[in-house]
2 protein chains.
Amino acid sequence: MDIRRTKIADAIKMTTYDVTVNVKGWVRTKRGNKNVSFIALNDGSTINNIQIVADADKFSDELLKDVTTGACLSVTGTLVKSMGAGQSVEIQASEILIYGKADPNEYPLQKKGHSFEYLREIAHLRPRTNTFGAVFRIRHNMAMAIHSFFHQKGFYYFHTPIITASDCEGAGQMFQVTTKNLYDLKKDESGSIIYDDDFFGKMASLTVSGQLEGELGATALGAIYTFGPTFRAENSNTPRHLAEFWMIEPEMAFYDIKDNMDIAEEFIKYCVKWALDNCMEDLEFLNKMIDKTLIERLKSVIDCEFVRLPYTEGIKILEDAVAKGHKFEFPVFWGCDLASEHERFLVEQHFKRPVILTDYPKEIKAFYMKQNEDGKTVRAMDVLFPTIGEIIGGSEREENYDKLLKRIQELNIPMKDMWWYLDTRKFGSCPHSGFGLGFERLLLFVTGMQNIRDVIPFPRTPKTAEF
Amino acid sequence: MDIRRTKIADAIKMTTYDVTVNVKGWVRTKRGNKNVSFIALNDGSTINNIQIVADADKFSDELLKDVTTGACLSVTGTLVKSMGAGQSVEIQASEILIYGKADPNEYPLQKKGHSFEYLREIAHLRPRTNTFGAVFRIRHNMAMAIHSFFHQKGFYYFHTPIITASDCEGAGQMFQVTTKNLYDLKKDESGSIIYDDDFFGKMASLTVSGQLEGELGATALGAIYTFGPTFRAENSNTPRHLAEFWMIEPEMAFYDIKDNMDIAEEFIKYCVKWALDNCMEDLEFLNKMIDKTLIERLKSVIDCEFVRLPYTEGIKILEDAVAKGHKFEFPVFWGCDLASEHERFLVEQHFKRPVILTDYPKEIKAFYMKQNEDGKTVRAMDVLFPTIGEIIGGSEREENYDKLLKRIQELNIPMKDMWWYLDTRKFGSCPHSGFGLGFERLLLFVTGMQNIRDVIPFPRTPKTAEF
């Protein structure tokens, strides 16, 4: 019998009954009695299983014995209206083919719940669980939302390099990339390692940000965005840090800080709305199992206008709170880098909605941010979100060659690496802005998951690079 | 005057005349006389410039003197029907603001044509040229086509790791990734470098393919695709090789080799059609300037059915050609790995359309490909294209645990790195297939560009990692 496979996502929505269908997938559970077996089959196309009804008189004990959790089946049968609770259709099986068994004594994913810690150790199998299936389907959808948003706005997806020979941002420790034979490192007279014979003829690293190259794209194509892997060799074993993560960095010529805030707010609402519009079944599962306030929180974000507030005002609110007895772990003063507890106080307790904080002290922000006329602050903007704090960081960029150069010199950033970046201010400079979004931060917010290692298929962290 | 900017792509299509508009962009050329200047302005939103008409009596010589190639302007004026040839509308300027000058004595992109070799040296500015603007807009569109195609087919975008501690594919030399202090390399008694103190606690490299991890995704989510950077540390200084390039690797549970060929053909036609439907102005430019047969070739691909031919048949055709006097540089015999000249002979001279070659000798293909019953060939498929040869390589995967294990042992692939891959065949194994497409190979085909360094913004090649 050669019937084209129907995806389970489609099969469970069928309303034409008594037709013959074929589904393929993995067994989630099997229950029943000596007369009939009920098999819950899942193929990853949806969080929902389809129920297969296998009558004992049609199938041998031998075959049914191998239908265990994790086994892979091809099932042909009649799609019928289900009498049972929890599903509208089921398949009365006429033919079951076992593609691959899963020995119950060995298969690590039995039906009982496993801890996320344990599942990280078997990250090669965890996409087969309900939770990670949901998370990775949402991950896909958020990527689609991002590309769709920027495409319809006329932005171009711009691939900035992963391997870089410049260390401009200096945002934390970098990974070195080399083809040198570490058993035979040539050194010069002063004892310095010679890189002439390395692949790129110089020391090279993995990128920490595509922004600077993104600005090259924006000042030619008008508006671009990056979406690619980014690396930090920080020895941080926290639920918020990955050594390898994905970043989205839009960069727009002719956008000032106001335009930048407008598009950042529109962008993040678009993504969250996409999730609500396209991933409701997965969100409902996560809302039930992971975070009971998830859907409500997602809805609240798309329905409200974000607060826009200068840093200086934000500090006043925090100082007032301290004066009234609120205890923070870290001190609050003008010039301090806000901790997550400060950001969350503003968002969750004071304003009760997302906040875009602007005009930060220049000392705590990057060299390329546009300097305000007060001489003290820069046109930075951080978008602060409930539960996670900063989700987006951005700024208008300093487009004045002299001011930028002065800041680079003040901060002792190596000029030899910066000539191409400075050229954008030397030739046809323009006002421009951009921001960065950590993709996994967005996913923490949208899925309600607590640990960043659980929203990326194969997390890289200190001492961990499995699979 | 605060008029919202209109993108030049939109402005040149306007049919409402005598309205005030604002455009911003970079000067491509300025010509004219003492009474009037004609400025061609481009903002990257389109390959077309908008013509700005600046009457000498409205603007000072001082200002117009700074309107040179590369300068960045904001122009407000009246959109009028153009009397000149080559454009339908132009802007009668009432206000010109110079955001950034571009000193004609220093700006590297004057209006005369530059060689692609020279432009690679100033890759930070080359997106401002017509050719690279067109190429990078098409690059964006091809990425969109890829995501759209797979999304509508129900595939999930799956991020496989960039940093890996396993070297399974062994496809050429890998880049090592380390945070070790190379001046103080600890070694054990036998003189081997100790990696316990490296970031991941073991030797790590940049990925050469996401396929194996992609199979983990497919055997859980049903169908996935990767689209990410991939690395080869081959010392190949050719127009076809990059050390850092982007790959697309779809992987599908329950697809056999026939399904795999079907979707590969549909996919590549979809991408080429997307280019024809969405990038015609850029394609017309490239067709005129780079390759006069480009558009015709793109159309020919979407209109024909690809040939499907076993390798063994292909060899016969090539041997026949040799017998009839055709000279190849490399020898042809059953078992040989086809050279580009062989592939192109089949495609361009023999069949005159794309060819999908299947069932290759197992010795020249990867260990994971499904073995045919003849014991000699595997269910590989390569999609061969005019001008570029192999554009897609794929196969049905060996889903039989014992056969796969035997092949791994025959090839001495380190087992300790493969346990997680073998688990997919141990637990709920299923027939599955996949393929890989080099993104820049696709772009060479779609743009008609000759050198792979000219279809990626910042090429990484031996001795080159600028910007």
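All values reported here derive from a predicted model rather than from experimental measurement. Proteins get letters first, then strands, A, B, ... in listed order; numbering begins at 1 in each.
- With H124(A) as reference, W419(B) is the one residue of F427(B), Y421(B), W419(B) to meet the ring-ring contact (aromatic ring centres under 6.0 Å, His included) rule.
- Residue contact with chain A, scored on non-hydrogen atoms closer than 4.5 Å, involves the backbone of A71(B) exclusively.
- The contact between R139(A) and chain B is made entirely by side chain atoms (from C-beta outward), counting heavy-atom distances below 4.5 Å.
- Here the closest heavy-atom approach between residue F439(B) and residue H159(A) is recorded as CE2-CE1, 3.9 Å.
- The nearest pair of heavy atoms linking S45(A) to Y156(B) is O-OH, 3.1 Å.
- In this view, H147(B) and H147(A), Y157(B), Y225(B), F227(B) satisfy the ring-ring contact (aromatic ring centres under 6.0 Å, His included) rule, not counting sequence neighbours.
- Contact of Q176(A) with chain B is made through backbone and side chain together, with heavy-atom distances under 4.5 Å.
- Heavy-atom distances place both the backbone and the side chain of A253(A) under 4.5 Å from chain B.
- Residue contact with chain B, scored on non-hydrogen atoms closer than 4.5 Å, involves the side chain of E466(A) exclusively.
- Chain B forms more heavy-atom pairs under 4.5 Å with one residue of G222(A), C430(A), G428(A), A143(A) than with any other, namely G428(A).
- Residue S74(A) does not touch chain B at all, counting heavy-atom pairs closer than 4.5 Å.
- Using a 4.5 Å cut-off between heavy atoms, N278(A) does not touch chain B at all.
- Only the side chain of N141(A) comes within contact range of chain B, judged by heavy atoms closer than 4.5 Å.
- Between K463(B) and D198(A), the shortest heavy-atom distance links the atoms NZ-O, 3.1 Å.
- For R5(A), the part sitting under 4.5 Å from any heavy atom of chain B is the side chain, from C-beta outward, and nothing else.
- When side chains are defined from C-beta on, I163(A) counts as touching F231(B), because their heavy atoms get closer than 4.5 Å.
- Of the atoms belonging to T464(A), it is backbone heavy atoms, and not side-chain ones, that fall under 4.5 Å from chain B.
- Rounding to the nearest 0.5 angstrom, the gap separating the CZ atom in F199(A) from the OG1 atom in T461(B) is 7.0 Å.
- For chain B, the nearby parts of P462(A) are the backbone and the side chain; heavy atoms of each come within less than 4.5 Å.
- Scanning for side chain to side chain contact (heavy atoms under 4.5 Å, CB included) contacts around L185(B) gives L182(A), L185(A), K180(B), L182(B), I193(B), with sequence neighbours left out.
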